[in-house]
Amino acid sequence: MRKNRFVAGKVFFWSLLLVYTGVMLYLFVMQCLEVPDFRSDMPDYVNQVRGIEGDYKFPYPLFFILAKGIALMTGAPLGVAITTAFLNACGVCVTKYYMDLQVREGLDTSLWSDKKRMALDFAVTGMVFALFLLGNLYSPKNTAFFGFDYAYRCMGIYTPNPIWNATYLAARPFTIVCFFEAAKVLQSYRETFSWKGCVPFAVSLFLMTITKPGYTMVLLPLMALFFLVDLVRSKGKSFKNIFCVCVTMIPTGLDLLYQFFGVFTGVNVKGEETGIGIGFAKVWSNYSKNIPLSIVMGMALVLGVMVLNWKAVKEKFIYRFAIYNYLVGMIMFLCLYEKGFRMLHANFSWGYMHGMFFMFLAALVLILKNTMEWRKCWKVIFLPAEWGVFLIHLVCGINFLWYALQGKDLAGF
C-alpha cells in the first residue's frame, strides 16, 4: 500500500505538471510567434536570441544561453518559448520539494493511515499548483472597487504570478531555492559556519542573478541588515562567520557590478540619462491612485492568515523571513525607479512580486497545517473564511490566465 501511495502521488503531480506546462507553453509560443493580440515582451527576447539589438539591454545571460541552445534545433521563437516553459516548470518542482518539507515539519505521520498520507500528498500538490495560478483580487472591468479605479486590474495591484514576463518566470526556480537556502544560512551561521552548507545558497543566488536579478536586489540588502544588527548585538563576535558568508556571495557581487554598469550608467538608446532615481511612489502612483488598497487587494489572503496565525509566525523563522522579504521589496519599489523612458516599466516591482509569492507560499502552508490540525485549535472557525478568500484569489488568477490564453492584450485586462 505504501508503494501504491507513493506512485499515486507522483503520478498525480507529474500529470498536473504536464497539463500546466502544456498550457503555459501554448501561451509562450503564441507570444513568441507574435500571433495577433498575443502581446508581450517575448519578441524582444526572440530578437536577443537571434543576435538583433533592441532598445533594452539584457546583461543576465543564463536564460538567453539556454534559449540559443534550444533555438539551434527549433528556431529562435520556439527556443525562447520552450526555455521559459521549462524553467517555469522547474519552479513548480522545487516549490513542491520545499512545500512538502514545510507542511510535514512538526507533524508525526508515523501513526497515520496510508489513506491519510496519500491525502496529504495530494493536498500539497494541489496547493503547489494553486500557488502558481493565484492572482490579485480585482473588481469587474471598468468598475470601481470601493470607489477606487485603477489603470489595469493587474498592473498597480500586482500579482505573485506575472505571467507576462518570461525572465521573471525563468528566474523563479533559482529564486525559490535561494529564498529557503538563505533562510537556512541566516539561522545557522551564528553557531557554526559550513562552507558546504553555503553551497546551495551561493549557487542558487548566482544562477538567479544571471537569469534576472529582481530578487537579488531585495535579498542582499535584507541580509546586510541582518548582519549589521547581528554585529551590533554580538559586539563584533560574529564578524568572522559573517565575513565567510559574504565571501560566498563574491561571484554574485561581481556580476551585479557588471549589470549595473551595463544598464544604469551612460545614456539609453533615446539619449536619456540612465540610472536609479529616488522618489516616493513615483512609478506606482502612475498605476494606482490608492496604493494601500492595492496592497490589500493583492495580499488579502496573506494578511488575514498572518494575523490569525501570528503566534506561529513569530515562532518560525521562515514565515518571518517571508514577511521581511516582502517589506523590503515593497520599500524598494515605493522609493526607487529606473530613469529614462523605462521608468514606467516598473522594473523595481519584480522584487515586490517575488515577495508576494513567498508570502502566499507561507500562507498556503499555514492553511494546510491548520486544516490538518483543525481539532487542536479554536481558530478552526476561521478556516472557511481562509479557504473562501483563497478560492477567490485562485479564480482571479485563473481568469487572468484564461484572458491571456484567448490572445487578448494583457495591458487592457
Residue pair [X] / [Y], side-chain heavy-atom distance below 4.5 Å:
X	Y	result
Asn165	Lys212	yes
Leu207	Val177	no
Ile276	Phe348	yes
Phe129	Leu17	yes
Val283	Phe333	yes
Glu338	His345	no
Val328	Leu225	no
Ile291	Leu334	yes

### Message
Students often mix this up, so state it plainly: with edges at 30° and 60°, are the rings of Phe358 and His354 parallel, tilted or perpendicular?
### Response
parallel
### Message
Classify the ring geometry of Phe180 against Tyr98: parallel below 30°, tilted from 30° to 60°, perpendicular beyond 60°.
### Response
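Ring orientation, 0 to 90° scale: parallel.
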### Message
So, applying side-chain hydrogen bond (donor to acceptor under 3.5 Å, both in side chains) with Tyr215, which one of Asn325, Thr209, Thr175 is it?
### Response
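It is Asn325, the one option of Asn325, Thr209, Thr175 that forms the side-chain hydrogen bond (donor to acceptor under 3.5 Å, both in side chains) with Tyr215.
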### Message
Applying the side-chain hydrogen bond (donor to acceptor under 3.5 Å, both in side chains) criterion to Arg172, which one of Asn161, Thr211, Thr167 satisfies it?
### Response
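Result: among Asn161, Thr211, Thr167, Asn161 is the only option passing the side-chain hydrogen bond (donor to acceptor under 3.5 Å, both in side chains) with Arg172.
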### Query
Run the side-chain contact (heavy atoms from CB on, under 4.5 Å) check on Phe38 and Leu27 step by step: do they pass?
CA-CA 8 Å; Phe38 281 87; Leu27 174 63; 4.2 Å; yes
Working to the nearest 0.5 Å, report the span between [atom1] of [X] and [atom2] of [Y].
X	Y	atom1	atom2	result
Leu303	Leu308	CG	CG	11.0 Å
Phe132	Tyr20	CZ	OH	6.0 Å
Arg104	Lys369	CZ	NZ	10.5 Å
Leu205	Ile210	CG	CD1	10.5 Å
Thr84	Leu66	OG1	CG	10.0 Å
Ser238	Tyr189	OG	OH	5.5 Å

Check whether [X] reaches the backbone of [Y] with its side chain - one donor and one acceptor, N or O, closer than 3.5 Å.
X	Y	value
Ser288	Ser285	no
Asn370	Leu366	yes
Lys235	Leu231	no
His393	Asn136	no
Thr125	Phe13	no

What are the two closest heavy atoms between [X] and [Y], and how far apart are they?
X	Y	result
Ala123	Leu368	CB-CD2, 3.9 Å
Val46	Ala76	CG1-CB, 3.9 Å
Arg320	Val313	CG-O, 3.0 Å
Leu137	Cys396	CA-SG, 4.0 Å
Pro160	Phe360	CG-CD1, 3.8 Å
Cys32	Ala81	SG-N, 3.7 Å

### Task
Could you walk me through whether Met299 and Met359 pass side-chain contact (heavy atoms from CB on, under 4.5 Å), step by step?
CA-CA 9 Å; Met299 301 288 286; Met359 288 282 279; 3.6 Å; yes
Quick check: are there more than 12 heavy atoms from other residues, nucleotides or ligands sitting under 6.0 Å from [atom1] of [X]?
X	atom1	result
Met249	CE	yes
Lys316	NZ	yes
Gln406	CD	yes
Trp14	CH2	no
Trp195	CH2	yes
Phe317	CZ	yes
Phe86	CZ	no

### For Arg190, all residues meeting salt bridge (Lys or Arg N to Asp or Glu O under 4.0 Å), sequence neighbours excluded
Asp230
## Note on the structure
Those residues at least two apart in sequence (or on a different chain) that pass salt bridge (Lys or Arg N to Asp or Glu O under 4.0 Å) with Glu34 are none
Applying side chain to side chain contact (heavy atoms under 4.5 Å, CB included), name anything that partners [X], two or more places apart in sequence or on another chain.
X	result
Leu344	Asn286, Tyr287
Ile398	Leu133, Leu394
Pro251	Phe206
Lys68	Val49

### Query
Hey, would you say the Phe400 and Tyr138 ring centroids sit under 6.0 Å apart?
no
### Query
Hey, mind stepping through Lys96 and Asp100 against salt bridge (charged side-chain N to carboxylate O under 4.0 Å, His left out) and telling me if it holds?
CA-CA 6 Å; Lys96 175 66 163 64; Asp100 260 328; 2.6 Å; yes
### Task
Determine the sole option in Trp284, Trp164, Trp350 for which the ring pair (Phe, Tyr, Trp, His ring centres under 6.0 Å) test with Tyr158 is passed.
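Running ring pair (Phe, Tyr, Trp, His ring centres under 6.0 Å) over Trp284, Trp164, Trp350 with Tyr158 returns exactly one hit, Trp284.
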### Given Phe357, Tyr352, Phe321, the one that forms ring pair (Phe, Tyr, Trp, His ring centres under 6.0 Å) with Tyr326
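The single option meeting the ring pair (Phe, Tyr, Trp, His ring centres under 6.0 Å) with Tyr326 is Tyr352.
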### Message
Regarding Asp255 and Gln259, do their side chains bring together a donor and an acceptor under 3.5 Å, going by distance alone?
### Response
yes
### Query
What's the verdict on side-chain contact (heavy atoms from CB on, under 4.5 Å) for Phe63 and Gln48, showing C-alpha distance, side-chain angles and the deciding distance?
CA-CA 11 Å; Phe63 172 79; Gln48 183 76 9; over 6 Å; no
### Query
Does the side-chain contact (heavy atoms from CB on, under 4.5 Å) test come out yes or no for Thr371 and Ile367, once each step is laid out?
CA-CA 6 Å; Thr371 303; Ile367 290 175; 4.1 Å; yes
